[in-house]
Each structure stands twice: as C-alpha cells, then as structure tokens.
Amino acid sequence: MNWRGVRRFSAIWREVGWAGRLGLVAGLALALPASAAGDATWARCLSTLRAGAQAQGITLDVFDQHMAGVQADPSVLALLDAQPEFTTPLWDYLAALVDDERVADGKAFLARYRGLLDGIAAQYGVDAETVVAVWGVESDYGRVTGKRPLLVSLATLSCEGRRQPFFRGELFALLQLLQDGDLAVAPTGSWAGAFGQTQFMPTTYRRIAVDGDGDGRRDLVGSVPDALASTANYLARAGWRTGEPWGEEVVVPEGADTSRTGRTQRRPLREWRALGVRGVEGRASRLPQLADDTPAALLLPTGAQGPAFLVFANYDAIYAYNAAESYALAIALLSDRLRGGTGLATAWPTPDPALDRAGRRALQRLLIARGHALGTPDGMLGNATRRAIQAEQQRLGLQPADGRAGQSILAALRAEMPAPAVLKGTAFRLPAAYPRFVQSPLVSKQKAMKDVPGLSTGDFHGFPSLLVTTPHSTAAISLFGGQLLSFVPAGQEDVMWLSPRVKPAPTPIRGGTPVCWPYFGRQDQTDDVPAHGFVRTLPWQLLDASREPDGTLVLHLAPPVLEDLALRLRMTLRIGRTLEQTLETQNVSGETVRFTQALHNYFHVGDALQVSAEGVDGLDYVDKFENYAVTRRQQGDWNLRDPRDPGRSDRIYLQAGGQYSLVDPVLRRRIDLRTEGSQTLVAWNPGEAGAAKMDDVREGWRQYVCLEAANAGPDVIELAPGARHVLRQTIGTRPL
C-alpha cells in the first residue's frame, strides 16, 4: 500500500457518510493523482472491514462509532518481523524481565493479593507464583500495558502486510468486546493487538477472560482480579497440571547425546536419567519425585555451554501463552524466583553479561553525564540510548561498537573518574504562617473521620496519632509532623525505631519516619528556618481514609497550606502486608522551584554494628564527614565496619533509586526498601561519639540505622510551574 497522503485522505473520509464513501472509493482512482489513488486503497479496505464486521454480528452503528477517524499507522508493519522474543539475545531478554526489581515487586504483589490468588489456585489449579510471573512479564504488574490505539494498529495490519486474515479476526473480536460492554472504550495496547494487565489478544479475551471480581464485566484493563483469574483460566485450558513443575535447570554430563533437544523432542524421563541428566548439585530438585515415564524435553537454548533445562507439560502451557522460547523461560524462571529460588547456576555463554533494569538506568545516568540527551533514565533501551552507547564504545575503543548495553560499557564508564558533586541551592524563606501553625493546637482531621474499620485516633507515646490495625500489621502515624511512628508486621518486632527519650512537641520527633520537606539539610538555607524543612513540626490533617478488601488501609494526609510557599504537599500511606508511603509535591507558582526532600527512616535493628545494606555496591557517594568535597564509589555492601568510616556514617549515595535490603543477623530479618522518584539514598548513624551529644539518642544509636529515600545533596529536584513530583517508598520484611 502507498501510505503517502493517508492523513489528507482521511480528512475527506471523515466528512462523508458511509453511503458516500463507497462512491468516493470508485471515483478517487480516476479523479486523484496516482499517489492519492493509491491511498484510496485504505478506504476500500475500511469498506471491506465494515462488511466483514457486519457479517460477524457487529452492528454498523458500533463499527461506525469506533472506526470513525481511524487512520493507518504504517509503523506497525516494520514490527511484524522485529519481535524482541526472536531478535534479542536470550541473556539480554531475560536480564530485564527476571531481575531483582521484578522479583521484589512480584513478592510484594503475592503478599498483597494472597487471598485472591489462593482462591484462583483453588478454582483453576494454577499456582500463585506462575500467575503473578505472567503478570510481571506481560505488563510489569499492570504498569506497562502499551500505548498504541488498538483499533488503529489492528485496522492497519488487517489491510496490509502478512497475516491479514489473522488481524482482521482480532479487529472484529475487539469491536465485539466493545459492543458487548466488556470494554467501555477502545483500549491501547501493543502494536500487535495484545492489551490489558496480562496482554490478551481480543479473540483470546472473548474466549478465555472471566469475571474475577464478580461485578458482571470481564475487565482485564482495570480489574486485577479479572486479569489474574483470566490468566489462570488460560493456563488451565492450555493443559496446566496442578502440582507439577514446569521443569528445572539441570546438569548434562559432558559427552551425553544431545542430538534430540528442543521442546517438542519428548522422551520418557527415564531416558534422560540414563544419560546422566540430573538436578543442580546443592539445590532441591523435583526430578526424583516424578515418574520414570513422565514426558520430558531437554532445552539448550544457547548451546551446550549455557544453562540446560528439563521441561514438562506445564512448560508447554506457558509456551502457549506466547509461542516463543525466550518468553516461556522468562515466565518459568521468574516464577521460580518468586518461590524463593536464587536464579540460574550456570552462566550464559557471553563474555559481556547483560544488564538488568537497575544497571540499564545506571548506564543511562552515566551517558547523560557524558552529555547525551536521553531524558529521564528509565531502563528502556531505545534508539537514542543505543546510539549513545555506540558513541561511547567508539570513544573508549570497545569492540564491537554495536550499541549493546552490557556490563563492559557500564564498567568502563564507571571506571572513569567521577566528577565532583555540586550542591545546588534550594533557598526557602520562613513562611509567614509557620510560627502560627507551630503554636496552634493539634488538628486531628479536616472533617469528621469516616467510619473505617481498623482506623482510630489515640495517644502513641505521648503524641495524638492515627492508629491503624489491619489483618497484616499495625501502625501509628503522629498528627504532629505527619510522622510514621510505628509499623509492626504481624508476628514481628516493630520495623521503626522510636527514641525512648522522645521529647514533646514542638520538638521534632526522633524516630519513625520524619518527613523532611521542602529541603533536607541546609543548602542556602539561613539559620532562621528549622532544620530539615517546615512540615515535620506542623499539625497535619487526615484528608481521607479507606479500607481495601484484604483489610489494607489507605490514608491521605497533608500539612497546613503555607500560602507564601510555592509548593504544596500531599502524603498517602498504604498499610497492609507492606507499608507504602508517597509524597506528592506540586508547584503552584509560575516559576521553576528547586527543592530537596527525604523520608528519614529510622529502621529498628538488633545491633547497628552488625547490620549491612545491600543494593549500594558500585554507587557513587559523597560524605558529610568530608564536607561533600570528594565523590567516592561504594565497594560492596554498606556497614558501620567500613575502615573509611568506622562506627558512624553520613553518606549521600548519588543517582540511586531502586531496591535495598537492610540485613539484620540479630533480629534475623531483612528490611526491604523499594524507592521510586528518588535519586538519592542517605545512610546515617551518628555513632557512639555523635549520639552522646544527642539527648534523645545517647545509647540508643545501636538500635537503629537510617536508610532514607531522598532527593538531596547534588540530586535537587527542579519542578516546573504546575508540575508534580512523586517520591514513593515501600517497606517490607523477610526472614533471614
């Protein structure tokens, strides 16, 4: 098809009714120049689609309503033969899909939806980890569902390119979903037509989707229960066998006959055993539990030097979801990690290992620092990132200069001397109303509190507080400072440390999670303003509260409005199996405003000298004890036994943001901290000498470590007029 002039022709097409369009099609071939006559094939195709849709039971009113103004998008044609499952090296493909972030998120969602997932497993026989793994790979747990208008993509692919009959069937199925009311509006999705939280094609949606939340609609776009139940239904109908493994990584003896490998080359398990194929030493194996006649296939996806897998019937069910070996392995391996597995024992056969999303973001930050215009680091490898990588590979003499994001280019850029940190100013004057609010009586709520089960008000260590009780945890939030004071997961000790010497208001509360905003530390602040921001010593208000079906409570709070401050702040707390805390900052002025912030977490530990923080290895940091004059690089985990920084710490890790774990061998738990919208991580403990000068700490310094989700030091937020910024942290625990 000749696509030039499609938009010009579409304008004419929209202005006439369907009765006139058929006449236009016949006349345009004679009346228009050759290029426009070629464009008339689009109109002819739409006419053909309209007749085909009517034959499928779709009313002409529905077709006309949703197809009016649809224009061809020729960019989708190039994607027909460029699917990443078939074009990306397997190690690169899996590194981004089965990384620590996706595993941590998946475990959090497993906990959040445990009741729902248990019910789905009972009904369909598919385990929760596999269902959640599909969700994670398909849409990053509902976060990335595709931005292409599906009617445009499917109509284009129905009119041009290979597989036109297939895409016409999908287009008609999508229109049928709109006609039946399953979809309220035409959705966006992938270029090929998949959409929703678990990326169903429209025909699959019509056949397989179920109503998981009981509201009478099958909504895989907006309903998590519908999406997860439908995924389980799909796998069950694809032949899922309850209680059986998908497969596992194995060891193949050197010299064994591997001529019959691949998913379709099935042999009884006894034959693989006879060849010496066995589970990985030191890991629990399901192979001994399986019958000798169990059909099994050996996969060597990257050859004999890479990882090997024995796979069974459930692997075929996963493969049916999206017929690509790399895709099926991503689902399978992520599900294993969600069950507590540690990843592959055998490395991929590449001299340049792949980067996960955190590594890709780190690489993008370094590329930006080198002057490449990439926008916000997001871990997505688009053409701009690849061109920048290629330019740096050429500059550094790395071969091949192919634009691939691997460990070698990241290591090479990190090895270059980091630039000194530059502290930008964030000057704020004391708001006129601040003294009045500080002296005012505490305000418990803006309006009458809704009757929300599990939420009450009361005294917590002398502070009027919101008291939260859920089936999964308890919490306390002081209305003085809007400060989280306590978060206790069921059956555990408090995650937060609160000073036993805490002083009454208006002295800032030592412990919990102070909200430091709109500045953290004194960067051009004068001595007449309070340390670490205005809001930690103001009376906050409860704006709204609600309870989710599993008992999780969601609270919305805000400090009083300071009229002469250009910024406004709103905080959301989501308290259940984990604690999610969000700060949303809006610039209500007409000028760009620079600000810093921190969620200053005092995490309760058994002994600060014995804990360590994972997730900071390789990050650059500046140190308050060196007056932030030198940028250094972290080697290994953080702890207070660092010979450079013995017994005390005040570090700002730069260009950070992601997943961290505070490992506590005394209390035998991990405190997991996930951050978003945070470019800095602060690690602080005053140590014995520093604590001796602090009346509300003293000997208590060994009972806490501060790991703070922040934007501070050199990482200053510059907020445009009317813009918003969101800082979010999620706190959870795991046993050691």
Side-chain angles (χ1 to χ4, degrees), residues 365 368-369 376-377 419-431 434 481-484 508 513-538 558-559 562 564-571 581-589 591-602 616 619-629 631 649-658 660 673 675-684 706-721 723-729:
R365 293 186 189 105
I368 291 169
T376 302
V422 177
L423 300 184
K424 298 180 181 179
T426 58
F428 288 95
R429 296 181 178 179
L430 190 71
Y434 176 80
Q483 187 161 332
L484 175 71
T513 302
V515 178
C516 303
W517 181 95
Y519 54 88
F520 178 66
R522 296 189 184 277
Q523 293 177 220
D524 290 353
Q525 312 303 329
T526 57
D527 290 338
D528 64 335
V529 299
H532 297 319
F534 304 125
V535 298
R536 62 197 293 251
T537 51
L538 297 182
L562 300 170
D564 48 350
L565 183 64
L567 303 175
R568 300 289 182 267
L569 179 64
R570 180 184 174 97
M571 178 171 73
Q581 186 172 15
T582 301
L583 297 182
E584 181 179 304
T585 302
Q586 181 182 13
N587 182 359
V588 297
S589 75
E591 303 290 337
T592 296
V593 177
R594 291 200 299 261
F595 73 99
T596 56
Q597 60 185 161
L599 290 169
H600 195 308
N601 303 303
Y602 287 77
V616 296
L619 293 179
D620 293 336
Y621 68 89
V622 292
D623 194 329
K624 183 176 180 180
F625 293 107
E626 297 175 331
N627 199 30
Y628 308 122
T631 302
S649 179
D650 200 343
R651 296 183 180 183
I652 298 178
Y653 289 94
L654 309 175
Q655 297 182 346
Y660 312 98
L673 175 65
T675 67
E676 301 171 62
S678 165
Q679 296 297 308
T680 354
L681 180 77
V682 179
W684 177 69
C706 289
L707 283 185
E708 308 166 32
N711 293 290
D715 292 320
V716 173
I717 300 297
E718 295 192 2
L719 201 60
R724 297 174 184 268
H725 177 272
V726 173
L727 168 65
R728 179 178 294 111
Q729 68 173 9

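- A distance-only check finds a donor-acceptor pair linking the side chain of Asn601 to the backbone of Leu707 [under 3.5 Å].
- Residues passing the side-chain hydrogen bond (donor to acceptor under 3.5 Å, both in side chains) test with Tyr602 are Arg510, sequence neighbours excluded.
- Contacts of Ser678 classified as side-chain contact (heavy atoms from CB on, under 4.5 Å), with partners at least two apart in sequence or in another chain: Thr675, Ala709, Leu727.
- Residues satisfying the side-chain hydrogen bond (donor to acceptor under 3.5 Å, both in side chains) criterion with Asn711, sequence neighbours excluded, are Gln597.
- With sequence neighbours left out, Ala558 forms a side-chain contact (heavy atoms from CB on, under 4.5 Å) with Leu543.
- Applying the salt bridge (Lys or Arg N to Asp or Glu O under 4.0 Å) test to Arg536 and every residue at least two apart in sequence or in another chain returns nothing.
- Residues Thr585 and Ile717 form no side-chain contact, since every pair of their non-hydrogen atoms from C-beta on lies 4.5 Å or further apart.
- For the pair Thr513 (side chain) and Leu484 (backbone), a donor-acceptor distance under 3.5 Å is absent.
- Formation of a donor-acceptor pair under 3.5 Å by the Thr680 side chain with backbone atoms of Ala712 is found in this model.
- No donor-acceptor distance shorter than 3.5 angstrom exists from the side chain of Asp650 to the backbone of Lys624, with no hydrogens or angles considered.
- Remark: Asp623 pairs with no residue by the side-chain hydrogen bond (donor to acceptor under 3.5 Å, both in side chains) rule, at least two apart or across chains.
- For the residue pair Leu681 and Leu673, the shortest heavy atom distance occurs at CD1-CD2, 4.1 Å.
- Using a 4.5 Å heavy-atom cutoff, the side chains of Leu430 and Pro530 are in contact.
- Taking 4.5 Å as the limit, some side-chain heavy atom of Phe428 sits within range of a side-chain heavy atom of Val593.
- Residues Val726 and Glu676 form no side-chain contact, since every pair of their non-hydrogen atoms from C-beta on lies 4.5 Å or further apart.
- Not a single donor-acceptor pair under 3.5 Å links the side chain of Asp564 to the backbone N or O of Pro431.
- Panel note: side chain Arg651, backbone Tyr621; no donor-acceptor pair is recorded below 3.5 Å.
- Using a 4.5 Å heavy-atom threshold, the side chains of Val515 and Leu599 count as touching.
- Judged by distance alone, with hydrogens and angles left aside, the side-chain atoms of Thr596 form a donor-acceptor pair with the main-chain N or O of Phe520 at under 3.5 Å.
- Taking the six-membered ring where the residue is Trp, His600 and Trp684 present perpendicular rings, their angle passing 60° and hence far from 30°.
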